[in-house]
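Quick caveat: nothing in here was measured; it's all calculated off a predicted structure.
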Amino acid sequence: MANILPTHIHPTSSKLWTGLAGVVGLISFMLSPSAFAVSCDFKNGDVFAEICGYIEAGSVQTGGQLKVHVASTTPSFNVYVRRAGNDNPNLQSSSFDGAVNYNTPTNSYDDLNWGSAYSIGIPADWKSGIYEVSFNNGKGSYSEFVAIKSAQPGNDSKILVLDSLPTKIAYSPIGGKSMYGFNSTDGQASAQVSMERPTGRGQWAEHRGFVTWLDKQGIAYEAASMMDLHRDPSLLSHYNLVILVGHNEYWSKEMRDNWDSYLAAGGNGAIFSGNTMWWQVRFSADNKHMVCYKNANNDPLYGQDNSRVTTNWFKSPVNRPENLSTGVSFQHGGYANYTESGVQYYVKNSTGDDGSYGGFKVADATHWVFADTGLANGNVFGRGDGNSSSVVGYEVDGALYSMSGNKPVVTGEDGTPLNFQILATTPAYAVNSPSLVPGVVYNNHAGQGWGTMGIFQPTANSGTVFTAPTIDWAEGLNDPQVSRITRNVIDRLNARAQTSGSSTSSSEPSSQVVAQSSGGGGGSFPLAPLLLGLLAVGFKARKR
């Protein structure tokens, strides 16, 4: 792959001195012990003091432009762009001059404004995918990631992997606040944040791991951003299978409407993530700001346009349970393989572990999803060993169910379609339980939270949705059984249904079965230690 010749952008005096007001300001700036440190602290142990950057809001596609904003302790820096995955080399190296260290104020979360953008051309012959954008100034480095969509969607592959950019932005504390109190100034979250901020390299671990696995498996894919889904109702129509990975918690009405329409038209999805579609959000007209009040009464649209009020999807006045689109909900799942304040909840090898914690217990080994895995009913897979991590954690989603003939069967009380077939289960600590008692879900099996892996069709004539509802699925892909299940799902569902009706309960292969996907992560009422732990785990996994 050819290297692109470096582009040199020369500094201007105005850009070099942006933010310095007169001699007094300059002297005080120079005397400050932190004057030459970039303030890019993600509050999870991931701190960048020499260089940091973010990608300008807007669609990024092959043949277009990638626009980045940079804060650096040196005026000269390099940007390296490579397609994330299995040993992919740098595709492009660019050199720039004129960088400024923007000493980010603690109230700039809604308008970071790190100077003018540096533009990087994206060749038209590049493949769509998840790309790593690395910034280096000789003293330090920082990486962002971006989904570069195809200018001709579906041309190279009928499989689309969506990022989870709104969720990554919601957790970013850069500029002083996130949508969570635990990493915001004064412990107060913001209901509005800028989409133009660094997300943190750790937020991308699951996507990096998943596309690396796709590369190793020789599975061609394309990628796009959730913001592309927000903007373009026709985007998904070019694909047979759409995959969501990791942590995809924040969805706009446009995103969900476009997702549901795609499924209704026969498209398929595979959800390899947890806590999917938990919050409804809105975006400004230019898509540069995201709004989520998280309390319906505080939202100005309450009583004006209840369909767009920014609260949990299943709550009033939205009253549109995510189960209708994903089959599951974090409300009836919860936390797994998790420790808070020294107390362990369903942690592998902890006290009370029955051999299933951190993994899924098979409920129907005859299903084609388990073909060639060697698994039998009651077997547990995905617990992890020296070569792979547990697939279950931090957050998992579930459907309400009861036992019938020793098999879990959904009740449908939560909006989960009755054709949802539970294929495997895992115990979960239901902090967001409808009972308001942590860990207790009175109308669920055994009165607790559960993660439920399964497959269903939202309507009789729609495509098929497979869901492995856990944030950490991609971290366990080195496990042969987890890898085989993932391969079975993609191979089977990379074709649209030819006839109506569900064949998901059949153990025999059928080209009519198609899957759907969604992402997850991040609960609604988590305590500060929980969220700090969540981000810390994120740092660990990416070596997060």
Side-chain angles (χ1 to χ4, degrees), residues 167 206 244-251 271-279 312-315 321-338 340 345-348 356-361 363 380 382 390-402 408-417 420-456 465-473 476 517-526 530-531 533-534 537:
T167 301
E206 285 77 22
L244 296 178
V245 181
H247 193 173
N248 209 321
E249 183 177 351
Y250 291 77
W251 290 58
I271 301 173
F272 299 106
S273 64
N275 191 217
T276 302
M277 208 178 283
W278 186 238
W279 296 107
N312 296 115
W313 285 96
F314 63 88
K315 285 184 178 178
E322 55 270 31
N323 307 64
L324 297 169
S325 301
T326 67
V328 290
S329 172
F330 183 67
Q331 185 185 24
H332 302 121
Y335 300 102
N337 214 19
Y338 162 71
E340 181 182 349
Y345 296 98
Y346 305 112
V347 175
K348 183 175 69 172
S356 68
Y357 295 0
F360 281 101
K361 181 176 289 187
V380 175
S390 298
V391 298
V392 176
Y394 247 27
E395 296 165 333
V396 298
D397 300 339
L400 292 176
Y401 74 94
S402 59
V409 178
V410 299
T411 66
E413 297 172 39
D414 50 359
T416 296
F420 186 100
Q421 181 178 0
I422 296 177
L423 303 176
T425 61
T426 190
Y429 182 65
V431 170
N432 293 281
S433 166
S435 70
L436 303 181
V437 179
V440 177
V441 184
Y442 294 125
N443 54 339
N444 207 12
H445 173 64
Q448 67 167 72
W450 291 90
T452 52
M453 189 180 96
I455 194 164
F456 76 108
V465 181
F466 169 83
T467 179
T470 165
I471 288 177
D472 290 347
W473 183 271
S517 70
S518 185
S524 68
F525 310 113
L530 167 66
L531 287 172
L534 177 59
V537 166

message = If you define the side chain from C-beta out and look only at heavy atoms, does anything of N312 sit under 4.5 Å from W279?
response =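 The answer is yes, as the side chains (C-beta and beyond) meet within the 4.5 Å cut-off.
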request  = Taking the side chain as every heavy atom from C-beta outward, state whether D472 and V391 have any pair of such atoms under 4.5 Å apart.
outcome  =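 No, too far: nothing below the 4.5 Å cut-off.
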query = Considering residues at least two apart in sequence or located in another chain, which fulfil the side chain to side chain donor-acceptor pair (under 3.5 Å) criterion with N444?
reply =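 N444 satisfies side chain to side chain donor-acceptor pair (under 3.5 Å) with no residue once adjacent residues are dropped.
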request  = Determine, step by step, whether N323 and L400 satisfy the side chain to side chain contact (heavy atoms under 4.5 Å, CB included) criterion, reporting the C-alpha distance in whole Å, the side-chain angles of both residues, the deciding distance to 0.1 Å, and the verdict.
outcome  = CA-CA 10 Å; N323 307 64; L400 292 176; over 6 Å; no
Where [X] and [Y] come nearest, the two heavy atoms and their spacing:
| X | Y | result |
| --- | --- | --- |
| A428 | Q448 | N-NE2, 4.0 Å |
| T326 | V465 | O-CG1, 4.4 Å |
| G398 | H332 | O-CB, 3.7 Å |
| A336 | P427 | CB-O, 3.7 Å |
| I422 | A363 | O-CB, 3.8 Å |
| G359 | T426 | O-OG1, 2.8 Å |

[atom1]/[X] to [atom2]/[Y] distance, rounded to the nearest 0.5 angstrom?
| X | Y | atom1 | atom2 | result |
| --- | --- | --- | --- | --- |
| T167 | W278 | OG1 | CH2 | 13.0 Å |
| F272 | T467 | CZ | OG1 | 9.0 Å |
| E322 | W251 | CD | CH2 | 11.0 Å |
| N337 | Y429 | CG | OH | 15.5 Å |
| I471 | N248 | CD1 | CG | 10.5 Å |

key: Check against side chain to side chain contact (heavy atoms under 4.5 Å, CB included), F330 and M277   = CA-CA 9 Å; F330 183 67; M277 208 178 283; over 6 Å; no
request  = Quick one: do D397 and N275 satisfy side chain to side chain contact (heavy atoms under 4.5 Å, CB included)? Show the steps, please.
outcome  = CA-CA 6 Å; D397 300 339; N275 191 217; 4.0 Å; yes
key: Ring geometry between F420 and F456 (parallel below 30°, tilted from 30 to 60°, perpendicular above 60°)   =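 Aromatic pair F456/F420 classed tilted.
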request  = Mind telling me whether Y338 and Y394 have parallel, tilted or perpendicular rings, with 30° and 60° as the class edges?
outcome  = perpendicular
Treating [X] as the side-chain partner and [Y] as the backbone partner, does any N or O pair qualify as donor plus acceptor under 3.5 Å?
| X | Y | value |
| --- | --- | --- |
| W450 | G333 | no |
| D414 | T416 | yes |
| T452 | A399 | yes |
| W473 | A468 | no |

